[in-house]
Number of protein chains: 2
Amino acid sequence: MEVRAKELEIEKASMVLKLLGDKTRLAMMKLLEKNECCVCEFVGIFHISQSAISQHLRKLRDVGLVKENRKGQWIFYSLNKDSDMYEMVLHILEFVPSQDERIQALEKQGLRISCQ
Amino acid sequence: MEVRAKELEIEKASMVLKLLGDKTRLAMMKLLEKNECCVCEFVGIFHISQSAISQHLRKLRDVGLVKENRKGQWIFYSLNKDSDMYEMVLHILEFVPSQDERIQALEKQGLRISCQ
DNA sequence: TGAACATATAAGCATATGCTGATATGCTAT
DNA sequence: ATAGCATATCAGCATATGCTTATATGTTCA
C-alpha cells in the first residue's frame with residue numbers, strides 16, 4: 001500500500017474509532033446493529049436533549065457509519081452496510097454488550113416510537 | 001448480563017475506543033502489535049515532543065492496553081496481552097495498515113533505538 | 001393555510017484533549 | 001559524586017467536544 005494511502009486509511013480508522021469512543025454513540029451504534037431507530041426513540045433512551053441526539057447522529061452520518069431513511073415525518077437511522085468501515089464496526093460491536101433492554105424498557109413505558 | 005455490568009462494560013469499551021481514536025496512539029498500537037518500542041523510537045517516528053509521546057503512553061498504560069518493561073535506562077513498551085480488551089484491540093488493529101515502514105525509515109536513518 | 005409534531009441547526013458554555021517548554025526523576029558509567 | 005542520557009511530570013495554552021437553550025426547517029393533517 002502507498003504511504004499516502006496508508007496515511008489516509010489510518011486517519012479514517014482513527015476518526016471512526018473516535019466516533020465510537022463516546023459512550024452514547026457507541027450504545028446508539030449497538031442498538032442500530034439490530035434495530036432501525038428514529039431520533040425520538042433515542043431521546044427516550046438516553047437522557048440528553050433531542051438536539052444532542054441529533055448532533056451525535058449527524059457526526060455518525062457525516063463519516064458514513066449510518067444512513068437515514070425518512071418515513072413521513074420520522075427519520076429512521078440504520079447502519080450503513082456500504083461503508084468501507086462497516087466490517088470493522090461490526091467486529092467492534094461484537095465486543096459491546098447488547099443494549100436491547102433499553103428498547104424493551106421503552107416499550108414497557110409505552111414509549112416505543114414515542115413520537116407516534 | 002447485569003444492567004450495571006453492561007454499563008461498566010460499555011464504558012470500558014468506549015474508553016478504549018476513544019484512546020484508539022487518536023491517530024498517533026493508533027499508529028503506536030499498530031507498531032506495538034509487532035514490535036517492542038521505547039519512547040525515543042516513537043519520538044523518532046512521530047514528529048511530536050518526547051513529552052507528548054510519554055503522555056500518550058501513560059494513557060494507554062493507565063487503561064492497561066500496554067505494559068512497560070525497563071531495560072536499563074530504556075523503557076520498552078509492548079501490548080498487554082493480559083488486558084481484557086486485548087482481543088478487541090487485536091481485531092481493530094487488523095483493520096489498521098501496517099506502520100512498519102516507519103520503523104524501517106528509522107533504521108535507514110540509523111536511528112533505530114536512537115537513544116543508544 | 002396553520003397547528004402540531006419530528007428533526008436540524010445555531011450560539012454559547014464548560015470541560016476535555018493534545019501539544020509545548022520547563023523541570024524532575026531515574027539509570028548508567030566515568 | 002556528577003555528567004549524560006531516557007523518561008515522566010507539571011503548567012499553561014489553543015482547540016475540540018458534548019451539552020443546553022433557542023430557533024429554523026420539514027412533514028402531516030385538519
Side-chain angles (χ1 to χ4, degrees), chain A residues 10-11 14-29 31-32 36-63 65-78 106 110-116, chain B residues 10-11 14-29 31-32 36-63 65-78 106 110-116:
Chain A
I10 202 167
E11 204 144 337
S14 66
M15 184 175 306
V16 169
L17 292 166
K18 181 176 290 184
L19 281 178
L20 299 182
D22 175 271
K23 216 173 46 158
T24 304
R25 281 192 299 261
L26 187 58
M28 282 174 150
M29 290 291 285
L31 282 165
L32 292 176
E36 276 205 321
C37 295
C38 66
V39 177
C40 53
E41 288 178 302
F42 284 132
V43 171
I45 289 171
F46 300 103
H47 298 171
I48 55 178
S49 68
Q50 176 267 319
S51 169
I53 296 288
S54 193
Q55 288 172 68
H56 280 308
L57 286 167
R58 184 157 58 95
K59 286 180 186 179
L60 292 172
R61 203 200 41 194
D62 281 352
V63 301
L65 293 188
V66 305
K67 60 183 181 190
E68 53 182 52
N69 177 21
R70 184 178 272 278
K71 291 180 186 168
Q73 62 190 315
W74 299 282
I75 296 178
F76 283 83
Y77 283 87
S78 57
L106 261 198
L111 292 173
R112 183 83 207 266
I113 316 251
S114 61
C115 30
Q116 273 180 340
Chain B
I10 203 167
E11 204 145 335
S14 66
M15 184 175 306
V16 168
L17 292 166
K18 182 176 290 183
L19 281 178
L20 298 182
D22 175 272
K23 215 173 46 160
T24 303
R25 282 193 297 262
L26 187 59
M28 283 175 148
M29 290 291 285
L31 282 165
L32 292 177
E36 276 204 320
C37 295
C38 66
V39 176
C40 53
E41 288 177 302
F42 284 132
V43 172
I45 289 171
F46 302 102
H47 297 170
I48 55 177
S49 68
Q50 176 266 320
S51 169
I53 297 288
S54 192
Q55 290 173 66
H56 280 308
L57 286 168
R58 183 157 59 95
K59 287 179 185 179
L60 292 172
R61 202 201 40 194
D62 281 352
V63 299
L65 293 186
V66 305
K67 61 183 180 190
E68 52 183 52
N69 177 20
R70 184 177 272 279
K71 290 179 186 168
Q73 60 189 316
W74 299 282
I75 297 178
F76 284 82
Y77 283 87
S78 57
L106 261 199
L111 291 174
R112 183 82 206 266
I113 317 252
S114 61
C115 30
Q116 274 181 340

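All heavy atoms count here, side chains included; hydrogens, waters and symmetry mates do not. Quick note on labels: first sequence line is chain A, next is B, and so on, each numbered from 1.
Judged by atom type and distance alone, B/S49 does not reach the base of C/dG21 through any side-chain donor-acceptor pair under 3.5 Å. Residue side chain B/E68 does not reach the base of D/dT7 through any donor-acceptor N/O pair under 3.5 Å, judged by distance alone.
One atom, CH2 of B/W74, and another, C1' of C/dC27, lie 10 Å apart when rounded to the nearest Å. Here the P atom of nucleotide D/dT21 and the CD atom of A/Q55 are 13 Å apart, to the nearest Å. For the pair A/N69 CG and C/dA6 P, the computed distance is 17 Å after rounding to whole Å. The distance from atom CD1 of B/I53 to atom P of C/dC19 is 8 Å, rounded to the nearest whole Å. Atom CG in A/L57 sits roughly 13 Å away from atom C1' in C/dA6 (whole-Å rounding). Separating the CG atom of B/L19 from the P atom of C/dT17 is a distance of 9 Å, rounded to the nearest angstrom. Separating the CG atom of B/L20 from the P atom of C/dT17 is a distance of 14 Å, rounded to the nearest angstrom. Residue B/M15 contributes atom CE, which lies 9 Å from atom P of C/dT17 at whole-angstrom precision.
Out of D/dC19, C/dC19, D/dA8, the shortest distance to the side chain of B/I75 is found at D/dA8. In the set D/dT7, C/dT20, D/dC19, D/dC19 carries the atom at the smallest distance from any side-chain atom of A/I48. In this structure, the nucleotide among C/dA22, C/dA8, C/dC19 sitting nearest to the side chain of B/S51 is C/dA22. Looking at the side chain of A/K18, the nearest of the listed nucleotides C/dT7, D/dT17, D/dT7 is D/dT17. If you check C/dG21, D/dC19, C/dT7 against the side chain of A/H56, the one that comes closest is D/dC19. When the nucleotides D/dT20, C/dC19, C/dT7 are ranked by their closest atom to the side chain of A/C38, C/dT7 comes out on top.
No donor-acceptor pair under 3.5 Å is formed between the side chain of B/R25 and the backbone N or O of B/H56.
Within the 4.5 Å cutoff, no side-chain heavy atoms of A/W74 are placed close to those of A/N69. Between B/V39 and B/F76 the shortest side-chain heavy-atom distance does not fall below 4.5 Å. Here the side chains of B/S54 and B/R58 are not in contact, with every heavy-atom distance at 4.5 Å or above.
Note that CG of A/D22 is 9.0 Å distant from CE of A/M28, once rounded to the nearest 0.5 Å. Taking CZ of B/F42 as the reference point, atom CG of B/L32 lies at 4.0 Å (rounded to 0.5 Å). Remark: A/T24 OG1 to A/I45 CD1 distance equals 11.5 Å, nearest 0.5 Å.
When heavy atoms are screened at a 4.0 angstrom cut-off, B/Y77 is found touching the sugar-phosphate backbone but no base atom. Counting any heavy atom pair closer than 4.0 Å across all strands shown, A/K23 reaches no nucleic acid atom. As judged by a 4.0 angstrom heavy-atom cut-off over every strand, A/R61 is placed among residues making no nucleic acid contact.
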Exercise for the section: Could you run through nucleotides 23-29 of chain D and give me one letter per nucleotide, 5' to 3': B if any protein heavy atom sits under 4.0 Å from the base, S if only the sugar-phosphate is that close, - if neither? Expected result: ---SSS-
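For the pair B/R58 and D/dT9, the criterion of a side-chain N or O lying under 4.0 Å from OP1 or OP2 is met. At the phosphate of D/dC19, neither OP1 nor OP2 sits under 4.0 Å from any side-chain N or O atom of A/H47.
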Exercise for the section: Evaluate salt bridge (charged side-chain N to carboxylate O under 4.0 Å, His left out) for A/E36 paired with A/K67, printing each intermediate quantity in order. Expected result: CA-CA 10 Å; A/E36 276 205 321; A/K67 60 183 181 190; over 6 Å; no
